[in-house]
Amino acid sequence: MESAKEEVDTKIKVMFLPFASTSHIIPMVDIARLFAMHGVDVTIIATPVAASLFQSSVGRDSSLGRSIRTHVVKFPAAEVGLPVGVETFNADTAPDMLPKIGKGLNLLEKEIENLFEELEADCIVTDMFYPWTVDAAARLGIPRLILLAGSCFAHSALHSVKTYAPHKDIKSDSTDDKFSLPGLPHRLKMTPLQLPDWLREPNGYTHLMEMIRDSERRSYGSVFDSFYELEGEYLDHYKKAMGTKSWSLGPVSMWANQDAADKAGRGQAKLEQKGKEEEDSGCLKWLHSKPENSVLYVSFGSMSKFPSLQLVEIAQALEDSGHDFMWVVKKKDGEDGSFLEEFEKRVKASNKGYLIWGWAPQLLILENPAIGGIVTHCGWNTVMESVNAGLAMATWPMFAEQFFNEKLLVDALKIGVAVGVKEWRKWQQFGEEVVKKDQIAKAIALLMGNGEESVEMRRRARELSDAAKRAIKFGGSSHTNLLQLIQELESLKLDRINGK
Ligand code: UDP
């Protein structure tokens, strides 16, 4: 009796709070599910639209006997002047809605803090974009773990630029003059224009990023979707530079989504999934008809839609490349799509290409043996999923920390070939730069080619894929980290109960 009671007492309750955008929700939910798979009592707090993106996986886990559930909080749409259902950030979010969504999320802070208390959280794991949660955790006397989106490399590089401001040494506006990133394990160079604008010169976002950094320092520790064999030097470096604890727990996509239904439905609402089942199986059937490593996959994540001018360049480069391709197209509303319609008819007739309009079942596509490489915007989820699948990448960074991820892939790990994008830009803004078809074609040729450089790059990517698979097995680096983290949280709970 006594020992059963002790068992109940040490089981920890952990609440997860993902940020309201698909690519932040996806890894947070995967991590929450991993905690539940390892005996933790898990609650994920989300607004209705966010919850609809992952509810089926959570339901499946719960029916397998895992202690996991979603707690839905109503989004205050009317209070902030938004139509019902607009509460997350993604490629379809209109720019004028962004501040209102932000305001709505702020209005939920008190309710969520009360939930942490009512549901008796022993620990909270919250997105980096909720710095306020570190104070909530302090008030409740429980640890807060911060989920840092992106690579540990990117956070190390950010830290280097913040600390040393090396870009200030470059006085010209030239897109060729480079500075080195001081203090990092590799000697890597970038141009000032590849840095986020808020890092070049302070703006409103700089303040938010400082709040995030401050909250990170005051958190119990940080977690990354990464693994030691991928960027161990940076995981060590970052711990030292920040003076904080951190755990790499990835690749979470592969670890948490072992069931085909989880892979197929990841990141999309159940209703949408229903209509898309046929289309998804169409794209997978098409891949099955193709030889191994022959198809190039092209995707720019969940947040971006290119203007027509850029889509035309991509289409021409793909058609000229001679390789079979699968392209996830997200077109801006109101722009002329006739060129793409003609293009789609042509490549369908020649059986050279497959266009997916909207949401693609990316995990299933990447693991298909027909895929031989990917053109990516270097969003970290996609990078981790591609590494996991053993794919080399043509890198086309756009916003957020994506230019840093490109450096990691191309210069440090040497599993990427840069398309050659010169300028960072704000999310949803496309600026002046149009990446030309010749530039794109050159990167594709190197990525998919048979020269020594290409073969070596793909060999390294496959090696990392093997390492990724080992990392999440019993005794592997991420597996050990997760067990150790859970144990540490359990002993913190015991200390709290015992008044230590
Ligand atoms: N994704 C997907 N289908 C799509 C587009 C994206 O499944 O059509 C998933 C992708 O697998 C990844 C996430 O959405 O997990 C995108 O995150 P990432 O960090 O790569 O880029 P972001 O969306 O933040 O730009």
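Start at 1 and go down the list; that is how both ligands and their atoms are numbered.
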One residue to check: Lys330. Relative to ligand 1, which of side chain, backbone, both or neither has a non-hydrogen atom less than 4.0 Å away?
side chain
In terms of side-chain geometry, is the basic nitrogen of Asp262 or Arg33 positioned less than 4.0 Å from the acidic oxygen of its partner?
yes
If we number the atoms of ligand 1 from 1 as shown, the ones under 4.0 Å from a heavy atom of Gln362 are 2 (C), 7 (O), 10 (C), 11 (O)
Salt bridge (charged side-chain N to carboxylate O under 4.0 Å, His left out) partners for Asp236, two or more places apart:
none
Under the criterion side chain to side chain donor-acceptor pair (under 3.5 Å), I'd like the reasoning laid out for Thr133 against Thr126: C-alpha separation, chi angles, the key distance, then a yes or no.
CA-CA 7 Å; Thr133 55; Thr126 61; 2.8 Å; yes
Ligand 1 to Ser23, heavy atom cutoff 4.0 Å, flagged ligand atoms 16 (C), 17 (O), 19 (O), 22 (P), 23 (O), 24 (O)
With heavy-atom distances below 4.0 Å as the criterion, list the atoms of ligand 1 near Arg266.
15 (O)
Are Ala91 and ligand 1 in contact, using a heavy-atom cut-off of under 4.0 Å?
no
Name the option, out of Trp357, Trp359, Trp427, that contains the heavy atom nearest to atom 5 (C) of ligand 1.
Trp359
Determine, using heavy atoms of Met398 and all atoms of ligand 1, whether some pair is separated by less than 4.0 Å.
no
Any N or O on Ser299 sitting closer than 3.5 Å to an N or O of ligand 1?
no
Salt-bridge present (Lys345, Glu341; N to O < 4.0 Å):
no
Check Asn381 against ligand 1 and report side chain, backbone, both or neither, counting heavy atoms closer than 4.0 Å.
both
If the cut-off is 4.0 Å to any non-hydrogen atom of Gly358, which atoms of ligand 1 fall inside it?
8 (O)
The answer for which part of Trp380 has a heavy atom under 4.0 Å from ligand 1 is backbone
At under 4.0 Å between heavy atoms, what of Thr382 touches ligand 1? The answer is both
If you take the centroid of each ring, where Trp contributes its six-membered ring, are Trp380 and His155 closer together than 6.0 Å?
no
Less than 4.0 angstrom from a charged side-chain N to a carboxylate O is my criterion; do Glu385 and Arg266 meet it?
yes
Can you list the ligand 1 atoms lying under 4.0 Å from a non-hydrogen atom of Val328?
8 (O)
Ionic contact status for Lys263 with Glu367, cut-off 4.0 Å:
yes
Phe339 and Phe343 aromatic ring geometry - parallel, tilted or perpendicular at 30°/60° bounds:
parallel
Can we say Asp92 and Lys305 salt-bridge, meaning some charged N sits less than 4.0 Å from an Asp/Glu carboxylate O?
yes
Check contact between Thr22 and ligand 1, using heavy atoms of the residue and a distance below 4.0 angstrom.
no
Short N-O contact, Arg213 and Glu216, less than 4.0 angstrom:
yes
Just jot down the ligand 1 atoms closer than 4.0 angstrom to any heavy atom of Glu385, in number order.
10 (C), 11 (O), 12 (C), 15 (O)
Does an N or O from Ala360, backbone or side chain, lie closer than 3.5 Å to an N or O of ligand 1?
yes
